[in-house]
Number of protein chains: 2
Amino acid sequence: MTTDTRETIMAAARKMVQTRGYNGLSFRELAKEVGIKSASIHYHFPTKGDLGQALAKRYTEDGLAYLTGLRADSDDLNLWMKGYTEIFRMALVNDNRMCLCGIMAAEYDDLPPEVRAEVDAFTDVNVRWLSDVLSICRPQLSDDEKQQQALAIYAAVEGAQLVARGRDDIGVFDATVQAYRTAGLLP
Amino acid sequence: MTTDTRETIMAAARKMVQTRGYNGLSFRELAKEVGIKSASIHYHFPTKGDLGQALAKRYTEDGLAYLTGLRADSDDLNLWMKGYTEIFRMALVNDNRMCLCGIMAAEYDDLPPEVRAEVDAFTDVNVRWLSDVLSICRPQLSDDEKQQQALAIYAAVEGAQLVARGRDDIGVFDATVQAYRTAGLLP
DNA sequence: ACCTGAACACCGTTCAAGT
DNA sequence: ACCTGAACACCGTTCAAGT
């Protein structure tokens, strides 16, 4: 069995960013964890921006695969939305981490352009999926309204995660999402 | 007229943090803007944590004064809530900045304890004020329910700001808040 | 193909020294 | 009371050098 150094780097870096953000990611610390020198990280990812871009791209791909699977595995709307919020919930359960692109969105102005583009792409994937779900359960909405409603759902869930993370209390996340559901913001 | 160096530092630092976060705040850059050497910043704020703490404390005090004023100036619920979301809106209008404590919440794990405590205090002030407003317009709710509803409103608005900031589009913020209002999440 | 040590300009912090 | 230069251990990055 061969361990792919590039993948090892990405796995460790993803965890670091989900905990401390893009600015909090240190090549030297990362190198120590992987067991190589920090200069060697640059062999695999020439700049920190390249690494950030690769992380966000992979994160979005994995998320999209999960969301596509959700819709393929059942046609129960409740399961779909439960599965959607579950991604964000699991990040918190997993060492009180955040959504990779949510935490980097807060650092938006400090992000290299290539990372910024991938953070935007993650938002697009979320909005697109939610918008598709809304097409089914709220067919009376116009495309613009669906798009806007989807963005509102995404924003609210990211906010719930941000606030619950600060409280280090998964109960806050659950109760907040429940409040969204009760209000009818989530279908 | 005397210019208070300490205040000059805080004003410049607040803007930097609202744009690039606590980690993005550089003493050397800050010193350049203020016109002193970076070592001199340490005379006023021994550590970066001290500065961050002072910033968040001041930000919360100013916010609380504004919110208290809102309730004193009218007894129109709509004006209150309009005024509430307006704080977050203005940060975006003002060079696409974020709520000081919202952006620092994303860096929570990297924050010195004294800064963390002030970020928590800001959340508490928001939840308290919203909860008081809910006491008036939703008197049937229990204290726990009001508290939870207030937290959900705060989380949703922070999320709206985070996402709209990434889009650099005040229209996204407005439409998202409107979606919250329509859903009945905001009173 | 993959890794390294050494150097560079950055960072927060400390401290002895200046006025 | 307020500021400074110099030093320290950090940071991302570069590059010539190793295997």
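In what follows, every chain begins at residue 1, and chains take the letters A, B, ... in the order their sequences are listed.
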[X] [atom1] to [N] [atom2]: how many Å, rounded?
X        : N       : atom1 : atom2 : value
Asp50(A) : dG12(D) : CG    : P     : 14 Å
Glu7(A)  : dC2(C)  : CD    : C1'   : 16 Å
Arg6(A)  : dA1(C)  : CZ    : P     : 15 Å
Ile9(A)  : dA1(C)  : CD1   : C1'   : 14 Å
Met16(A) : dG12(D) : CE    : P     : 10 Å
Tyr22(B) : dG12(C) : OH    : P     : 9 Å
Phe27(A) : dT4(C)  : CZ    : C1'   : 16 Å
Ile41(A) : dC2(C)  : CD1   : P     : 14 Å

Inset, instruction - Answer with yes or no whether the hydrophobic clustering places Ile87(B) together with Leu64(B); edges join I, L, V, M, F, W, Y residues whose side-chain heavy atoms lie under 4.5 Å apart. - result: no
Legend entry - Presence of salt bridge, Glu7(A) and Arg58(A), under 4.0 angstrom: yes
Legend entry - Side-chain ion pair, Glu86(B) and Lys82(B), N-O less than 4.0 Å: no
Inset, instruction - For the residue pair Trp129(A) and Tyr84(A), categorise the inter-ring angle as parallel (less than 30°), tilted (30 to 60°) or perpendicular (more than 60°). - result: parallel
Inset, instruction - Classify the ring geometry between Tyr59(B) and Phe122(B) as parallel (under 30°), tilted (30 to 60°) or perpendicular (over 60°). - result: tilted
Inset, instruction - Check whether NZ of the Lys or CZ of the Arg Lys48(B) lies under 6.0 Å from the centre of the six-membered ring of Phe27(B) and within 45 degrees of that ring's axis. - result: no
Inset, instruction - Sugar-phosphate atoms are those with a prime plus P, OP1 and OP2; base atoms are the rest. Using that split, label each nucleotide of nucleotides 5-10 of chain C B, S or - for protein heavy atoms under 4.0 Å, 5' to 3'. - result: B-----
Inset, instruction - State whether a side-chain donor-acceptor pair under 3.5 Å links Asp50(A) with Thr47(A). - result: yes
May I ask you to evaluate whether [X] reaches the phosphate of [N], defined as a side-chain N or O under 4.0 Å from OP1 or OP2?
X        : N      : answer
His42(A) : dT4(C) : no
Tyr43(B) : dC2(D) : yes
Thr5(A)  : dC3(C) : yes

Inset, instruction - Taking atom CZ of Arg128(B) as the centre, report whether more than 12 heavy atoms of other residues, nucleotides or ligands fall under 6.0 Å from it. - result: no
Inset, instruction - Just call it for Leu25(A): base, sugar-phosphate, or nothing, with non-hydrogen atoms closer than 4.0 Å on any strand. - result: sugar-phosphate
Legend entry - From dT4(D), dT13(C), dT13(D), nucleotide with atom closest to Ile36(B) side chain: dT4(D)
Legend entry - Which nucleotide in dC3(C), dC3(D), dT13(D) has an atom nearest any side-chain atom of His44(B): dC3(D)
Inset, instruction - Map every base of DNA chain C to its dot-bracket character, where paired means a Watson-Crick or G-U wobble contact with both distances under 3.5 Å and | marks a partner outside the strand. - result: ||.|||||...|||||.||
Legend entry - Arg20(B) and Asp110(A): CA distance, side-chain angles, deciding distance, salt bridge (charged side-chain N to carboxylate O under 4.0 Å, His left out) verdict: CA-CA 6 Å; Arg20(B) 314 203 348 221; Asp110(A) 260 2; 2.7 Å; yes
